[in-house]
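Values below: all heavy atoms of this structure, side chains included; hydrogens, waters and symmetry mates excluded. Because the structure is predicted, anything quoted here is derived from the model rather than measured.
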Amino acid sequence: SISSASVSGTTAVGGFAGLTSGMASFTSSLADGSIDGLTNTGGYVGEADGDLTITDSTSSATVSGTTAVGGFAGLTSGTASFTSSLADGTVDGQNNVGGYVGQAAGDLSASDSTSSAMVSGDTAVGGFAGLTSGTASFTNALADGIVDGIANVGGYVGQAAGDLSAFNSISSASVSGTTAVGGFAGLTSGMASFTSSLADGSIDGLTNTGGYVGEADGDLTITDSTSSATVSGTTAVGGFAGLTSGTASFTSSLADGTVDGQNNVGGYVGQAAGDLSASDSTSSAMVSGDTAVGGFAGLTSGTASFTNAL
């Protein structure tokens with residue numbers, strides 16, 4: 001099915017449906033219309049109170065609103081699942097703005113899916129999702145769009161309040177913002193884990209800027225992964241993470257990108273406020289700055305341990 005409609009409203013505005021209370025599923029579908037609302041505005045569904053399943057589908061819609069604005073859905077309260085899908089439209093809002101979902105109050109998963117969307121907003125802005133409150137998981141996913149915001153800006157998720165995981169996923173996105181800016185996630189509050197993943201995009205921020213995560217307030221675990229990203233900022237700038245407040249653990253990983261900042265600048269982590277460990281890992285990154293500049297970490301406040309590192 002195709003929706004090329006021009007749809008406008010105030011709240012719960014969508015290309016296919018405004019509000020869905022039961023299960024909503026879309027297969028081999030396309031939305032390429034213009035969707036204009038304020039709150040809960042999406043290319044397919046404005047507000048999905050029940051579960052949402054999207055398979056082999058594309059959103060090329062132009063979606064605009066203020067809060068909870070997404071290429072496929074504005075607000076999802078149940079489980080939102082995306083498989084073999086693509087967002088390549090334009091999404092513009094203020095808060096909780098995402099290429100797939102603006103605000104995911106329930107769990108969110110995306111597999112074999114791509115976000116090439118142009119996403120812009122102020123706070124909690126992401127290539128796939130703006131704000132995730134439940135578990136957010138990505139498998140064989142790719143983000144290669146343009147994401148621009150101010151605070152909590154990420155190539156995949158702007159702000160992850162719950163746990164976040166990515167497996168065999170790539171972020172080639174161009175991400176820009178002011179604080180908490182990352183190739184995969186801007187701000188993570190729960191456990192954030194990345195396995196067999198790659199960041200090779202361009203990440204530009206001021207404070208707390210990283211190739212994978214801008215600011216990790218919870219624990220961060222990175223395994224068998226690479227950051228080849230070009231990362232630039234001022235304070236707390238890192239090839240993988242800008243600022244880590246919990247435990248940051250790296251295993252069998254590589255940083256070989258370019259990291260440039262002023263204070264607390266590192267090939268892996270700019271500023272590690274919690275413990276930091278790296279095993280069987282290598283930093284070949286080009287790192288430059290003024291004060292507290294390191295191949296692995298700029299500033300470490302907790303215990304820093306390295307085993308079989310290079």
Rounded distance (nearest 0.5 Å) linking atom [atom1] of [X] with atom [atom2] of [Y]:
X      : Y      : atom1 : atom2 : answer
Asp112 : Thr139 : CG    : OG1   : 8.0 Å
Ile54  : Thr83  : CD1   : OG1   : 10.0 Å
Asn152 : Asp122 : CG    : CG    : 11.5 Å
Thr188 : Leu164 : OG1   : CG    : 7.0 Å
Asn40  : Gln103 : CG    : CD    : 7.5 Å
Asp256 : Met286 : CG    : CE    : 11.5 Å

Does any donor atom in the side chain of [X] or [Y] lie under 3.5 Å from an acceptor atom in the other side chain?
X      : Y      : value
Asp107 : Thr79  : no
Ser279 : Asn308 : no
Asp49  : Ser21  : no

Checking [X] side chain against [Y] main chain: does a donor-acceptor pair fall under 3.5 Å?
X      : Y      : value
Tyr156 : Ala141 : yes
Thr67  : Thr39  : no
Thr41  : Gly74  : no
Tyr212 : Ser197 : yes
Ser277 : Ser305 : no
Thr234 : Leu206 : yes
Thr123 : Ala151 : no

Are Val13 and Val91 connected in the hydrophobic side-chain network, where two residues link if heavy atoms are under 4.5 Å apart?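 Yes; Val91 is reachable from Val13 via cluster members.
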
Compute the ring centroids of Phe128 and Phe138, then answer whether they are less than 6.0 Å apart.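 Centroid separation for Phe128 and Phe138: below 6.0 Å.
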
Looking only at non-hydrogen atoms, find the nearest pair between [X] and [Y] and report the distance.
X      : Y      : value
Ile203 : Ala229 : CG1-CB, 4.4 Å
Ala129 : Leu108 : CB-CD2, 3.7 Å
Ala105 : Ser133 : O-CB, 3.8 Å
Gly295 : Ser283 : O-OG, 2.6 Å
Ala285 : Gly267 : CB-CA, 4.1 Å

Student check: side-chain heavy atoms of Val101 and Phe82 closer than 4.5 Å: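 The answer is yes; the side chains approach within 4.5 Å.
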
Taking transitive links into account, so neighbours of neighbours count too, which hydrophobic residues share a cluster with Leu198 at under 4.5 Å side-chain distance?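 Via sub-4.5 Å side-chain contacts, Leu198 links to Leu142, Ile170.
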
Please test Phe167 against Ser196 for side chain to side chain contact (heavy atoms under 4.5 Å, CB included), starting from the C-alpha separation and ending with a verdict. CA-CA 6 Å; Phe167 174 76; Ser196 303; 4.2 Å; yes

Is the number of heavy atoms from other residues, nucleotides or ligands within 6.0 Å of CE (Met23) greater than 12?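 Check passes, neighbour count above 12.
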
Among Leu299, Thr300, Val293, find the one that has a side chain to side chain contact (heavy atoms under 4.5 Å, CB included) with Asn264.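 For Asn264, the side chain to side chain contact (heavy atoms under 4.5 Å, CB included) check succeeds only for Leu299.
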
Side chain to side chain contact (heavy atoms under 4.5 Å, CB included) partner of Val119, chosen from Asp92, Asp148, Val97: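 That would be Val97; it is the only one of Asp92, Asp148, Val97 passing the side chain to side chain contact (heavy atoms under 4.5 Å, CB included) with Val119.
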
What's the verdict on side chain to side chain contact (heavy atoms under 4.5 Å, CB included) for Val213 and Leu220, showing C-alpha distance, side-chain angles and the deciding distance? CA-CA 9 Å; Val213 179; Leu220 173 66; 4.2 Å; yes

Side chain to side chain donor-acceptor pair (under 3.5 Å) assessment of Asp200 paired with Ser172: CA-CA 5 Å; Asp200 61 0; Ser172 300; 2.6 Å; yes

